[in-house]
Amino acid sequence: MKKSEEKGPFFELTKRQRKAVVMLYEGAYTNKEIAETLHCSESLIYKWKRENKLFQQARKQYETMIIEDKYVSEAMQSIYALVKTAKSEMVRLQAAISILKLAGRLTDSSTPELDKAKIRKANAEADIARWRADELTGKNKADDSTVLVDDIGDAEDE
């Protein structure tokens, strides 16, 4: 970890408290074993866990740091492996899209294809609304051969 990243509650703790946070995160040690390793009383470990707000915040920060450092990297490697080795073209595409989104190069609402589809949909809805308004106001003539078909009705329509 870089010095510039060493900010927050975890880095405000004493060296002994940081060691306790690490041991608690690993989950393989009892409070008694942690106390013995740190040459302190078991009640001090309990006190840190229950009453010390900085210690509690540091535990959360440490967990986040570990997840970001280890698991996010592993997840990215797994996604990249799918891009390279997946047999399904759709799986490879979805993996590539995930990587682009995580890199901030692509968002759900800003792909060119999606934008074009949104424009087409808006234009179609505007045409339908205009036709309906004309129909209600009598602007559509009786001999008008335009027929509005709603073939995407609710299940109740059937």
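Position 1 is the first residue of the sequence, and the numbers go up from there.
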Residue pair Arg50, Ile45: steps toward the side chain to side chain contact (heavy atoms under 4.5 Å, CB included) verdict: CA-CA 9 Å; Arg50 280 197 219 113; Ile45 303 298; over 6 Å; no
Residue pair Met23 / Thr30, side-chain heavy-atom distance below 4.5 Å: no
Connected via hydrophobic side-chain network under 4.5 Å: Leu100 and Met90: yes
Side chain proximity check, Glu51 to Tyr46, heavy atoms < 4.5 angstrom: no
Distance, nearest 0.5 Å, that separates CD1 of Ile79 from CD of Gln77: 11.0 Å
Expected output: side-chain Gln56 to main-chain Lys49 donor-acceptor under 3.5 Å: yes
Residue pairs fulfilling side chain to side chain donor-acceptor pair (under 3.5 Å) with at least one residue in residues 80-98, sequence neighbours excluded: none
Intermediate values then yes/no, side chain to side chain contact (heavy atoms under 4.5 Å, CB included), Phe10 and Val22: CA-CA 10 Å; Phe10 180 76; Val22 171; 4.2 Å; yes
Arg18 (side chain) donor-acceptor with Leu13 (main chain) under 3.5 angstrom: yes
Min side-chain heavy-atom separation Asn52-Lys47 under 4.5 Å: no
Cluster overlap Ile99 with Val91, hydrophobic side-chain contacts below 4.5 Å: no
Value rounded to 0.5 Å, distance of CG in Leu44 from CD in Gln17: 7.5 Å
Between CZ on residue Arg59 and CD on residue Gln61, distance to nearest 0.5 Å: 13.5 Å
Heavy-atom closest contact (Glu33 atom, Ala28 atom, distance): OE1-O, 3.8 Å
Taking every non-hydrogen atom, the tightest pair across Val83 and Ala96: CG2-N, 3.5 Å
Smallest separation among heavy atoms of Cys40 and Arg16, with atom names: CB-NH1, 3.5 Å
Test log, rule side chain to side chain contact (heavy atoms under 4.5 Å, CB included), inputs Leu24 and Asn31: CA-CA 8 Å; Leu24 286 166; Asn31 289 336; 3.9 Å; yes
CD1 on Ile67 to OH on Tyr62, rounded to 0.5 Å: 11.5 Å
Spatial distance of atom CH2 (Trp48) from atom CD1 (Ile34) [nearest 0.5 Å]: 9.5 Å
Non-hydrogen atoms of Leu82 and Ala95 that approach each other most closely: CB-CB, 3.8 Å
Separation between CG of Leu38 and OG1 of Thr14, rounded to the nearest 0.5 Å: 8.5 Å
Check against side chain to side chain contact (heavy atoms under 4.5 Å, CB included), Lys15 and Lys19: CA-CA 6 Å; Lys15 189 174 183 178; Lys19 177 72 174 170; over 6 Å; no
